[in-house]
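What's counted below: heavy atoms across the whole structure, side chains too, no hydrogens, waters or symmetry copies.
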Amino acid sequence: MAQKVRVRFAPSPTGPLHIGGVRTALFNYLFAKKNQGDFILRIEDTDRNRYVEGTEDYIIESLNWLNIPFDEGPGKEGNYGPYRQSEREHLYKEYADLLISEGKAYYAFDTAEELAKHRKDHEAEGKTFIYNWHNREKLNNALVLNSEETQKKLDAGDPYVIRFKSPQDTAITLTDIIRGEISIDSNTLDDKVLFKSDGMPTYHLANIVDDHLMEISHVIRGEEWLPSLALHQMLYDAFGWSAPEFAHLPLIMKPVGKGKLSKRDGEKLGFPVFPLEWKPENAAPSAGYREEGYLPEAVVNMLALLGWNPGTEQEIFSLEELVSAFDLGRVHKGGAKFDPEKTRWFQHHYLQMMDESILVSQFNQLLSTKGISDTSISANIVPLLKERATFVEDLWEQGSFFYEAPRNYDEKASMKAFKEDTKEILSKALGLMQNVDTFSAENISESIKGWITSNQIGFGKVMMPLRLALVGEMKGPDVFKIAALLGQEEVINRIQAAINFID
């Protein structure tokens with residue numbers, strides 16, 4: 001029977017989750033759901049020096065906001081927990097000891113000063129210091145010392161690390177779902193540290209042991225881990241375990257220039273690089289997609305198409321459609337350029353598709369923050385404005401005039417619209433407005449247009465000043481719809497104010 005698909009997203013709680021990490025989580029989620037598998041969250045918190053309070057909660061909240069929740073993880077205990085590496089510390093030493101007992105790893109007692117001196121000496125000769133087969137038997141480790149000397153150092157509490165004994169003169173063949181077959185010369189690899197004398201494993205050992213014990217079938221992670229693949233494959237081989245399948249995702253690149261997308265790019269160009277706002281201690285907060293008004297569906301759709309394509313022209317995908325279409329074989333090898341405008345394009349689309357009652361409710365919440373309590377016309381305003389809106393905030397930008405009469409008139413437009421005869425025209429329009437019985441858009445339109453036609457006045461000579469009088473700018477939906485929503489009394493007041501302004 002084929003192994004059940006089990007994938008994991010394994011972030012370190014050292015700060016907010018970058019959207020590169022979010023995309024890794026998303027691709028793991030899509031792959032798991034496509035294959036009726038499990039999506040696991042594992043918190044890799046063995047580096048206590050870099051641990052940042054609140055990060056774990058931030059990661060979980062981000063995944064939940066994006067509607068890609070994990071099946072197992074902290075707070076959702078399955079049969080493979082605990083799901084924080086700091087709570088699994090007791091497991092790793094026995095695996096490091098197992099490798100030592102089989103001659104596949106060794107104790108190394110080199111001090112930081114000794115290693116720094118070796119590096120400096122190599123640099124002076126134009127070389128790079130690598131701790132491996134070519135020099136390990138000349139350094140301060142258990143391969144040089146006899147077993148009694150080694151034990152004596154351990155008993156004395158001398159600081160040590162446990163290093164993996166990488167093979168010599170071996171071609172290591174690796175397979176990656178996205179990149180195909182890769183061959184590595186083992187002579188270029190160093191003897192990586194697996195375990196430190198403080199009782200903590202390094203990432204390499206902990207991640208291999210955890211993936212094995214949690215029965216992870218596929219490791220889908222960022223391409224920055226590609227250089228570690230040879231070591232990880234050798235560790236699986238050393239333990240005699242079958243390795244999961246690997247897939248290394250391409251980097252998300254800057255919108256302009258070269259290199260990986262960073263927080264600084266977002267700050268410079270004005271877009272978020274984090275799913276949620278992050279408020280560090282003693283520093284300015286970093287913007288988040290949620291707080292900037294983006295819908296989770298827009299963020300997910302945008303991220304899915306960064307480095308993957310479905311092989312069709314389709315760009316709009318619901319989460320269910322993404323699950324159905326997703327295929328690791330269609331993930332690109334090359335980096336994916338981030339496009340903030342494309343993200344806004346997705347956001348605009350999803351705002352248009354949003355349930356109008358929810359949009360009205362969110363608009364009412366926004367009005368409340370502006371100190372406006374009368375929301376009686378919101379349900380009529382939102383359909384008129386939403387086509388030009390990308391965010392809920394845009395509804396206010398487009399339609400604040402419904403709630404606030406113009407305090408002044410757009411200078412460029414008023415120079416064009418307010419002519420010598422405009423006062424007379426607006427006075428006539430004012431009289432017509434006063435005489436409309438049922439103040440509906442249809443009735444107002446019929447009255448004003450009938451007068452324009454019968455008097456053969458240029459349409460713009462009336463409509464431009466009328467729009468300016470009601471709105472203050474040359475923007476907004478149909479003037480007659482605006483007037484009907486403002487109500488007869490307010491329209492009369494605004495036209496009178498414009499006449500006074502012209503005077």
Side-chain angles (χ1 to χ4, degrees), residues 270 292-294 341 344-345 347-352 354 356 359-360 362-372 374-419 422-423 425-426 429-430 432-433 436 439-445 447-449 452 457-502:
E292 293 277 305
Y294 283 87
E341 283 311 307
R344 290 177 64 87
W345 181 85
Q347 168 63 19
H348 178 79
H349 170 82
Y350 282 101
L351 190 86
Q352 305 312 307
M354 201 172 169
E356 217 156 78
L359 197 51
V360 169
Q362 291 188 5
F363 182 52
N364 287 341
Q365 287 169 20
L366 178 64
L367 291 177
S368 171
T369 67
K370 309 280 184 191
I372 295 162
D374 182 3
T375 58
S376 55
I377 58 171
S378 300
N380 302 102
I381 290 171
V382 167
L384 291 180
L385 300 176
K386 75 170 191 178
E387 199 178 307
R388 288 189 179 88
T390 300
F391 301 98
V392 175
E393 186 73 44
D394 295 342
L395 297 171
W396 174 257
E397 300 291 328
Q398 297 282 343
S400 59
F401 59 84
F402 280 112
Y403 302 93
E404 297 173 344
R407 293 191 184 91
N408 43 50
Y409 303 96
D410 181 83
E411 193 177 339
K412 198 173 173 185
S414 56
M415 282 172 71
K416 194 175 177 183
F418 292 163
K419 304 292 185 190
T422 301
K423 181 184 170 187
I425 286 169
L426 283 179
L430 180 64
L432 291 169
M433 293 287 190
V436 175
F439 207 70
S440 67
E442 292 76 19
N443 290 348
I444 301 163
S445 172
S447 174
I448 299 289
K449 283 182 176 176
I452 290 172
I457 307 167
F459 208 76
K461 283 191 81 168
V462 178
M463 300 308 290
M464 278 180 72
L466 189 55
R467 183 177 291 278
L468 270 180
L470 300 183
V471 176
E473 297 175 64
M474 297 306 292
K475 71 174 189 184
D478 179 84
V479 168
F480 304 119
K481 288 179 179 175
I482 292 172
L485 284 168
L486 287 173
Q488 198 162 19
E489 187 183 343
E490 181 65 19
V491 167
I492 290 163
N493 289 342
R494 290 191 186 191
I495 295 173
Q496 187 60 62
I499 291 167
N500 295 344
F501 172 80
I502 293 167

Compare every heavy atom of [Y] with every heavy atom of [X], then report the nearest pair and how far apart it is.
X: Val471; Y: Lys475; result: CG1-O, 3.7 Å
X: Ser378; Y: Val360; result: CB-CG1, 4.0 Å
X: Pro465; Y: Ala417; result: CG-O, 3.8 Å
X: Arg467; Y: Gly476; result: NH1-O, 3.1 Å

In Å, rounded to the nearest 0.5 Å, how long is the span from [atom1] of [X] to [atom2] of [Y]?
X: Thr375; Y: Asn364; atom1: OG1; atom2: CG; answer: 4.0 Å
X: Met464; Y: Leu466; atom1: CE; atom2: CG; answer: 12.0 Å
X: Phe402; Y: Leu395; atom1: CZ; atom2: CG; answer: 11.0 Å

Residues passing the side-chain contact (heavy atoms from CB on, under 4.5 Å) test with Ser414, sequence neighbours excluded, are Tyr409, Phe418, Leu468
Test of understanding: with side-chain contact (heavy atoms from CB on, under 4.5 Å), list the residues that count as partners of Met354, not counting sequence neighbours.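 Partners of Met354 under the side-chain contact (heavy atoms from CB on, under 4.5 Å) test: Leu295, Leu351, Ile358, Leu359, Gln362.
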Examine distances only and state if a side-chain atom of Gln347 and a backbone atom of Thr390 form a donor-acceptor pair shorter than 3.5 Å.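 Flag set: sc Gln347 to bb Thr390 pair under 3.5 Å.
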Polar side-chain atom of Ser447 near backbone of Ile444 as donor-acceptor pair, under 3.5 Å: no
Find out whether [X] and [Y] are in side-chain contact, i.e. whether some heavy atom of one side chain is under 4.5 Å from a heavy atom of the other.
X: Thr369; Y: Trp396; result: no
X: Tyr403; Y: Ile377; result: yes
X: Met463; Y: Ile452; result: yes

Would you give me the side-chain donor-acceptor pairs under 3.5 Å for residues 480-500, sequence neighbours excluded?
{"unit_1": "Gln488", "atom_1": "NE2", "unit_2": "Met433", "atom_2": "O", "d": "2.7"}
{"unit_1": "Gln488", "atom_1": "NE2", "unit_2": "Gln434", "atom_2": "O", "d": "3.4"}
{"unit_1": "Gln488", "atom_1": "NE2", "unit_2": "Val436", "atom_2": "O", "d": "3.0"}
{"unit_1": "Glu490", "atom_1": "OE2", "unit_2": "Arg494", "atom_2": "NE", "d": "2.7"}
{"unit_1": "Glu490", "atom_1": "OE2", "unit_2": "Arg494", "atom_2": "NH2", "d": "3.3"}
{"unit_1": "Asn493", "atom_1": "ND2", "unit_2": "Glu489", "atom_2": "O", "d": "3.4"}
{"unit_1": "Arg494", "atom_1": "NH1", "unit_2": "Phe401", "atom_2": "O", "d": "2.8"}
{"unit_1": "Arg494", "atom_1": "NH1", "unit_2": "Leu470", "atom_2": "O", "d": "2.6"}
{"unit_1": "Arg494", "atom_1": "NH2", "unit_2": "Phe401", "atom_2": "O", "d": "2.7"}
{"unit_1": "Gln496", "atom_1": "NE2", "unit_2": "Asn500", "atom_2": "OD1", "d": "3.2"}
{"unit_1": "Asn500", "atom_1": "ND2", "unit_2": "Gln496", "atom_2": "O", "d": "3.4"}

Is the CD atom of Glu411 crowded by more than 12 outside heavy atoms at less than 6.0 Å?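 Counting neighbours around CD of Glu411, 12 or fewer heavy atoms of other residues, nucleotides or ligands fall under 6.0 Å, so no.
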Under 3.5 Å, which donor-acceptor pairs link side chains of residues 381-388 to any protein atom two or more places apart or in another chain?
{"unit_1": "Lys386", "atom_1": "NZ", "unit_2": "Gln352", "atom_2": "O", "d": "3.2"}
{"unit_1": "Lys386", "atom_1": "NZ", "unit_2": "Glu356", "atom_2": "OE2", "d": "3.2"}

Does anything in residues 390-401 form a salt bridge (Lys or Arg N to Asp or Glu O under 4.0 Å)? List the pairs, not counting sequence neighbours.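 Counting only pairs at least two positions apart or across chains, the salt bridge (Lys or Arg N to Asp or Glu O under 4.0 Å) contacts touching residues 390-401 are Lys370-Glu393.
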By ring-ring contact (aromatic ring centres under 6.0 Å, His included) - contacts of Phe391 (at least two apart):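 In terms of ring-ring contact (aromatic ring centres under 6.0 Å, His included), with neighbours along the sequence ignored, Phe391 is linked to Tyr294.
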